[in-house]
Amino acid sequence: MTQYITVAEDDRVEARNGVIKLHGPQGFAGMRAAGRFAAEILDALVPHVVPGVTTEEIDSIVYRMATDAGAVPATLGYRGYTRSCCTSINHVVCHGIPGERALKDGDIVNIDVTPVLDGWHGDSSRMYLVGDVPLKARRLVDVTHECLMLGIEQAKPGNRLGDISHAIQSHAEKHRYSVVRDFCGHGLGRLFHDSPEVVHAGGPGTGPELRPGMFFTVEPMINIGRADVKLLEDGWTAVTRDRSLSAQFEHSIGITETGCEIFTRSPKGFDKPPY
Ligand code: MF3
Ligand code: CO
Ligand code: CO
């Protein structure tokens, strides 16, 4: 049985306990600011994502932008993670750790940022094309963004989380891609990862009902090949087992009375490449 709790006091951090929080106007205002800031960081990275730039240089820009604005990257020190963003290149599904690897012509890379602004988490990621990217990879990136937005279209009161999952899975599979099952979207707000778990494949009409005030991410990972994932020795980097390309986009959203508000839309209109 899904339980919900109305969080009237949005200045209090309630621990994760399986109950879905329903936030009020104060929460929406906090998430709007944090989400917009996450999107501004992703916008600002566009000119830097070019061949020759290392992923740790990108990480430094994210760190500097966040701290200059009085925000803290949520990933810094999170379960032993030591970076300000994740950079997942080509067959890396998610949680790629920024390092000495330089981007090269033809790469596709997901950059995932989560600044905590005024206590609220703005979690968003986008794909970037590095130089001249083959059509096969650009198609994957386009369809993955379509999956995200088709999922979000289902995010409204009365629908269930499974309606989002189903929209994503149907679209991905229509293109003969597969949906990664090992990682999910998540509730968020004053916590980074909260209930509910947002799976990206599933049946319509299943899962918790969507109610106004729910905050969560939608962040489908879509592979050209099989869905199977393996974790590298570093304990973070997830790659496709068959080394096929993988793409991901992520928005943080809030359910409203009539639909949803996307907190992490790009102010510059850089929602998907080409930027
Ligand atoms: N931002 C990721 C998400 O969408 C989480 C990254 S956790 C990290 O939930 F530790 F790997 F950075
Ligand atoms: Co997330
Ligand atoms: Co993220």
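In each ligand, atom 1 is the first atom listed, and ligand 1 is the first ligand listed. As the structure is a computational prediction, the values presented were derived from the model and not from experiment.
The contact set between ligand 1 and His186, taken as ligand atoms under 4.0 Å from a residue heavy atom, comprises 3 (C), 4 (O), 9 (O). Close approach of ligand 1 to Thr114 (heavy-atom distance below 4.0 Å) involves ligand atoms 1 (N). The ligand atoms of ligand 1 that sit less than 4.0 angstrom from a heavy atom of Glu250 are 4 (O). Taking every non-hydrogen atom of Asp123 and a distance limit under 4.0 Å, the qualifying atoms of ligand 1 come out as 1 (N), 3 (C), 4 (O), 9 (O).
Not a single N or O atom of His95, backbone or side chain, sits closer than 3.5 Å to an N or O atom of ligand 1. Residue contacts with ligand 1: Asp112 is placed with a nitrogen or oxygen under 3.5 Å of a nitrogen or oxygen of the ligand (distance criterion only). Remark: ligand 1 and Trp236 share no N or O pair separated by less than 3.5 Å (distance only, no angle test).
Ser125 and Asn110 share a donor-acceptor pair across their side chains, judged by distance under 3.5 Å alone. In summary, the side chains of His91 and Thr240 do not present any donor paired with an acceptor at a separation below 3.5 Å, with no hydrogens or angles considered. Defined by atom type and a distance below 3.5 Å, a donor-acceptor pair is present between the side-chain atoms of Asp43 and Ser266.
Partner Arg101 forms a side chain to side chain donor-acceptor pair (under 3.5 Å) with one of Asp107, Thr55, Thr54, Thr87 and no other, that one being Asp107. Only one option out of Val92, Leu231, Asp228 pairs with Val239 in a side-chain contact (heavy atoms from CB on, under 4.5 Å); it is Val92. Just one of His186, His121, Lys21 meets the side chain to side chain donor-acceptor pair (under 3.5 Å) condition when paired with Asp194; it is Lys21.
Of all the heavy atoms of Glu219, the ones lying under 4.0 Å from any atom of ligand 1 belong exclusively to the side chain.
When hydrogens are left out, the protein atom nearest atom 5 (C) of ligand 1 is Phe192 CZ, 3.6 Å; that is the closest non-hydrogen contact. Here the heavy atom of the protein found nearest to atom 12 (F) of ligand 1 is Thr75 CG2, 2.9 Å. The single protein non-hydrogen atom nearest to atom 9 (O) of ligand 1 is His193 NE2, 2.8 Å, given as residue, atom name and distance.
Between Asp123 atom OD2 and Glu250 atom OE2, the angle centred on the Co ion (ligand 2) amounts to 80° (nearest 10°). Taking the Co ion (ligand 2) as the apex, the angle formed with OE2 of Glu219 and NE2 of His186 is 90°, to the nearest 10 degrees.
Residue-ligand proximity: Arg83 is placed with every non-hydrogen atom at 4.0 Å or more from ligand 1.
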- Message: Walk me through whether His200 and Val180 qualify under side chain to side chain contact (heavy atoms under 4.5 Å, CB included).
- Response: CA-CA 8 Å; His200 300 110; Val180 170; over 6 Å; no
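At least one test fails for Arg126 against the ring of Phe270: distance under 6.0 Å to the centre or angle within 45° of the axis.
Using the six-membered ring where Trp is involved, Trp236 and His95 have ring planes that are perpendicular, over 60° apart on the 30 and 60° scheme.
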